[in-house]
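Ligands are counted one by one from 1 in listed order, and the atoms in each one are counted from 1 as well.
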Amino acid sequence: MTIYFYKVDAPFGCFSNFSLHPIWIDGVYWQTVEHYYQAHKFVGGKNESAIAKIRKAKTPAEAAQIGRACPHQWRSDWDLVKLYIMWEGVLTKFMSHADIQAILLSTGEEILVEDSPVDYYWGCGEDRSGLNKLGQIIMNVRQEIRWRKPEHTWQLKSSSVDEQLTELVL
Ligand SMILES: Nc1c(N[C@@H]2O[C@H](COP(=O)(O)O)[C@@H](O)[C@H]2O)[nH]c(=O)[nH]c1=O
């Protein structure tokens with residue numbers, strides 16, 4: 001069963017980047033992943049003062065509004081780095097908050113889809129044909145957490161460390 005998420009106050013709303021789960025990255029505090037993601041459009045760009053404005057934005061919607069304005073001021077490599085920035089923010093979020101990490105792991109192998117009616121890159125768009133990059137990142141993070149926390153890795157539970165190493169080497 002595919003799990004669709006989008007609005008923070010709807011089921012699986014904690015998967016949205018707008019959910020109020022702060023993160024610390026490189027000693028810097030961000031109120032939400034959305035604040036972190038939007039601010040990074042301006043790192044090394046022509047208008048670095050936007051970073052502080054986005055960091056202080058009262059809501060993730062406000063952070064997005066500032067971040068989406070003036071695309072000509074974004075860093076020139078934004079399209080190259082945005083997937084990595086998003087992955088880092090989302091991984092940090094689910095590593096930092098045990099309650100939502102448990103919700104993520106409880107989804108097993110279900111497909112996760114950001115059900116945005118307007119975004120065909122991060123979400124699936126109105127007709128659900130979009131790329132769903134955010135859903136893909138969250139599924140990747142789910143697997144990453146299982147690898148980092150072997151107690152969640154049910155596939156490996158039955159075999160010993162020696163057996164696992166042999167499997168990896170062969
Ligand atoms: N959840 C959610 C949104 N979706 C988020 O917007 C971000 C993409 O922004 P951009 O790259 O600037 O188009 C990304 O984090 C995506 O998950 N947008 C919204 O306006 N409202 C919302 O409730």
Just need the protein heavy atom nearest to atom 17 (O) of ligand 1, so name the residue and atom and give the distance.
-> E114 OE2, 2.7 Å
With heavy atoms of S16 as the reference, note each atom of ligand 1 found under 4.0 Å away.
-> 1 (N)
Enumerate the atoms of ligand 1 whose separation from the nearest heavy atom of L134 is less than 4.0 angstrom.
-> 17 (O)
Can you sort out which atoms of ligand 1 are near N17, meaning under 4.0 Å from one of its heavy atoms?
-> 14 (C), 15 (O), 17 (O)
F94 CZ to C14 SG distance, which is reported to the nearest 0.5 Å | 5.5 Å
Is E126 atom CD crowded by more than 12 heavy atoms from other residues, nucleotides or ligands, each under 6.0 Å away?
-> no
Within a distance under 4.0 Å of any heavy atom of M86, pick out the atoms of ligand 1 and give their elements.
-> 14 (C), 15 (O)
Do we see a donor-acceptor contact under 3.5 Å between the side chains of Q101 and K149?
-> yes
Sub-3.5 Å donor-acceptor pair from the side chain of W74 to the main-chain atoms of G67, do we have one?
-> yes
Shortest protein contact, atom 2 (C) of ligand 1 (heavy atom only) | Y6 CE1, 3.3 Å
May I ask whether K82 has any heavy atom positioned less than 4.0 angstrom from an atom of ligand 1?
-> no
Is there side-chain contact between Y37 and E34, with at least one heavy-atom pair below 4.5 Å?
-> yes
Between R75 and D77, does a salt bridge (charged side-chain N to carboxylate O under 4.0 Å, His left out) hold up when you go through it step by step?
-> CA-CA 6 Å; R75 59 199 285 174; D77 63 351; 2.7 Å; yes
Starting from atom 12 (O) of ligand 1, find the nearest protein heavy-atom neighbour and note its residue, name and distance.
-> K41 NZ, 2.7 Å
Identify, for atom 6 (O) of ligand 1, the protein heavy atom at the shortest distance, and state residue, atom and that distance.
-> R68 NH2, 3.0 Å
Between E88 and Y36: side-chain donor-acceptor atoms closer than 3.5 Å | yes
Nearest non-hydrogen protein atom, atom 7 (C) of ligand 1 = E34 OE2, 3.3 Å
Checking side-chain contact (heavy atoms from CB on, under 4.5 Å) against W30, which of V28, T32, V33 comes through?
-> V28
For atom 8 (C) of ligand 1, what is the nearest protein heavy atom, given as residue, atom name and distance?
-> W122 CD1, 3.5 Å
Measuring from the heavy atoms of A64, does anything fall under 4.0 Å of ligand 1?
-> no
Are R128 and Y4 in a cation-pi contact, defined as NZ or CZ under 6.0 Å from the six-membered ring centre and within 45° of the axis?
-> yes
Check each of Y37, F18, W74, W78 against atom 23 (O) of ligand 1 and report the one with the nearest heavy atom.
-> F18
